[in-house]
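Reading through the C-alpha cells given below for one structure.
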Amino acid sequence: MRKGIINIGRCVADHPRSVIAKLSSVAPTIGHSKCVKSTKESRPSFSSSPASQVMSEIQDNSDTRVLITGGLGQLGLGLARNLRKLFGNKSVLLSDIKKPTPEEAASGPFVFADVLDLQSLRKIVVNHGVDWIVHYSALLSSIGEMNVPLAMKVNIESVHNVLELAREFDLRVFIPSTIGAFGPESPRDPTPDVCIQRPKTIYGVAKVHAELLGEYYHHRYGVDFRSLRYPGIISSEKEPGGGTTDYAVDIFQSALTSGRFACNLESDTRLPMMYIDDCIRATVDFMGFPSDKLSLRTYNIHAMSFTPEELASAIKRRIANFQIEYQVVQRMQDIADKWPKRFDDANARKDWGWSHEYGVDELVEVMLRKTKAKLDGASR
Ligand code: NAD
C-alpha cells in the first residue's frame with residue numbers, strides 16, 4: 001500500500017476503471033454487461049477519518065471519479081469544490097441540463113447530463129471512468145407540486161437510471177433525502193430515522209421511493225447506496241431551487257437591502273435547518289466512511305431548528321430596524337405543517353461521528369457577512 005493511502009484495498013491495476021477504459025471504445029454495446037463489475041472487497045474507499053484528513057488513491061490519479069448530477073443547483077457546486085480540494089480538480093465531474101456560467105465552467109470538468117437519458121448517462125460513466133454518483137438532480141418540494149408529472153420523471157425515473165447504472169458498473173451512489181420524506185403521521189418532534197413515513201408531496205413520495213429502492217439495491221445486489229436526510233439547507237452563493245424552506249435563505253438579502261421581509265410561512269412554523277458548510281461536510285464524511293461500519297443506509301442529520309420569528313429575532317440582534325411581516329402562501333404552509341420540527345440524528349452521531357458546527361447565531365453571522373459581500377460585489 002502506498003504511503004498515506006488509507007483503506008484502498010487494491011492496486012490501481014485492479015481498479016474497474018482500467019477495465020472500463022479498455023472497454024470504453026465499445027461502450028454502447030457493453031451497457032448491460034456484467035463484465036465490468038468488480039468485487040466489493042476491491043473497491044476504493046475515502047477513509048474512516050474526518051474529511052479534512054482523508055487521503056485516497058483518488059489524489060494520485062487525475063481521472064474523474066465522482067459524477068454529480070444536478071450539479072448547478074444550490075448544493076452541487078459547494079460539494080464539488082470540497083471534493084476537488086480533497087481529491088484534485090479532475091476527480092469531480094459536475095453535470096446538469098443548465099448551461100454553466102463562465103465561473104462555473106472554469107471551476108472544473110462539466111458535462112451535460114439529463115438524468116432521464118439512461119444511455120447518455122451510461123456513456124458518461126464509461127467514458128469518464130465514474131465510480132461514484134452523487135445524484136442531486138431533483139424538483140424540490142414547492143416546485144414539484146406545481147408540475148407533478150415532471151417531478152415524477154425527474155425525482156423517480158432518474159433514481160431507476162442511477163441505481164441501474166450502479167448495479168451495472170459497480171458504482172457507489174449517494175442520493176440525498178429530506179425532511180419532506182416524512183408526513184403528519186410521523187413523530188414530528190423529534191423524528192427518528194425509522195418510523196412511519198407517509199409524505200403528502202410528490203417530492204416526499206419520490207424521496208421515500210429513493211430511500212427504499214436504494215436500500216433494496218443494497219440488499220439485493222450489494223450496491224453501496226447511501227442517503228442522508230438533509231434539513232432545509234441555507235447558503236448565500238446560489239439561489240435556492242424552490243423548496244419550502246427557501247424563506248430562510250431569502251430573508252438575509254432582504255434584511256440587507258430593504259430591511260424588511262415578507263415571509264411566506266407562519267411566524268411559528270418550526271423546521272429543521274442546516275448551514276451549507278455543515279451539509280457538505282456531513283456528505284463528504286459520510287461518503288468516506290467504511291460501508292461495513294454503517295448500521296443504516298439512510299440517516300437523519302440535524303443542526304438547528306427554528307421558526308421564522310426566531311430567525312428574525314436573531315437577525316434583529318444585528319440589524320436593529322429589521323422588520324418581518326407574514327404573507328403566508330397556503331400551499332407552502334400546508335407542506336411545512338406536515339414536516340418534522342426536529343430530527344433525531346443520534347444514529348449518525350454514534351455510527352460515523354456526525355456533529356454540526358453552525359447553530360442559529362453562527363448561521364446569521366455568516367449569512368449576513370457572505371450575503372453582504374455578494375451584494376457589494378454585484379454593485380461594483
Ligand atoms: P436545486 O433545485 O437547486 O438543483 C437541482 C438541479 O437539478 C438543478 O440545477 C436542475 O437544473 C437539475 N435538474 C433538473 N432536471 C434535471 C434533469 N432532467 N437532468 C439533470 N439535472 C436536472 O436543488 P438543490 O437544493 O441543489 O438540492 C440537491 C439535492 O439535495 C436534491 O436532491 C434535493 O432534493 C436535496 N435536498 C436539498 C435540500 C435543500 O434545502 N436545498 C434539502 C433536502 C434535500
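Both ligands and their constituent atoms are indexed starting at 1 by order of listing. This structure is a prediction, so every number in the text was calculated from the model and none was measured.
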Do other residues, nucleotides or ligands put more than 12 heavy atoms under 6.0 Å from R331 CZ? yes
Plane angle bin for W352 and F286 - parallel if under 30°, tilted between 30 and 60°, otherwise perpendicular: tilted
Of the side chain and backbone of L75, name the one, both, or neither that has a heavy atom under 4.0 Å from an atom of ligand 1. both
Same apolar cluster (I L V M F W Y, side chains within < 4.5 Å links), L150/M152: no
Should you measure from each heavy atom of Y203, which atoms of ligand 1 turn up under 4.0 Å away? 33 (C), 34 (O), 35 (C), 36 (N), 43 (C), 44 (C)
Salt-bridge contact D345-R349 (side-chain N to carboxylate O under 4.0 Å): yes
Taking 4.0 angstrom as the limit and counting only heavy atoms of A138, give me the atoms of ligand 1 inside it, by number and element. 5 (C), 7 (O), 31 (C), 32 (O), 34 (O)
Taking only Lys NZ, Arg NE, NH1 and NH2, and the carboxylate oxygens of Asp or Glu, determine whether K238 and E104 approach each other closer than 4.0 Å. yes
Within ligand 1, which atoms have a heavy atom of D114 less than 4.0 Å away? 17 (C), 18 (N), 19 (N)
K98 neighbourhood, listing ligand 1 atoms whose heavy-atom distance to it stays under 4.0 Å: 8 (C), 9 (O), 11 (O)
Measuring from the heavy atoms of S177, does anything fall under 4.0 Å of ligand 1? yes
I'd like to know if R260 and E325 make a salt bridge, using a cut-off of under 4.0 Å between side-chain N and carboxylate O. yes
So which protein heavy atom does atom 32 (O) of ligand 1 come closest to, and at what separation? K207 NZ, 2.9 Å
Taking atom 20 (C) of ligand 1 as the point of reference, which of A210, G70, A113 owns the nearest heavy atom? A113
Check whether any heavy atom of V154 sits under 4.0 Å from an atom of ligand 1. yes
How far is atom 3 (O) of ligand 1 from its nearest protein heavy atom, and which residue and atom name does that atom have? Q74 N, 2.8 Å
Close approach, K238 and ligand 1, non-hydrogen under 4.0 angstrom: no
Within 6.0 Å of NZ in K200, more than 12 heavy atoms from elsewhere: yes
Which ligand 1 atoms does G232 reach within 4.0 Å, using its non-hydrogen atoms? 40 (O)
When distances are taken from atom 11 (O) of ligand 1, the protein heavy atom at minimum range is D96 OD1, 2.7 Å
Number the atoms of ligand 1 from 1 as they appear, then name those within less than 4.0 Å of a heavy atom of G73, with their elements. 1 (P), 3 (O), 4 (O), 9 (O), 26 (O)
heavy-atom search around atom 31 (C) of ligand 1 in the protein gives Y136 O, 3.2 Å
Face-on cation placement of R167 at Y221 ring, 6.0 Å and 45° thresholds: yes
Looking at ligand 1, is there an atom of it that comes within less than 4.0 Å of some heavy atom belonging to P231? yes
NZ (K293) with more than 12 external heavy atoms under 6.0 Å: no
Which residue and heavy atom of the protein sit nearest atom 19 (N) of ligand 1, plus the separation: V115 N, 3.0 Å
Pair E237 + K374: basic N to acidic O under 4.0 Å: no
Answer yes or no: is there an ion pair linking R122 with E168, defined by an N-O contact shorter than 4.0 Å? yes
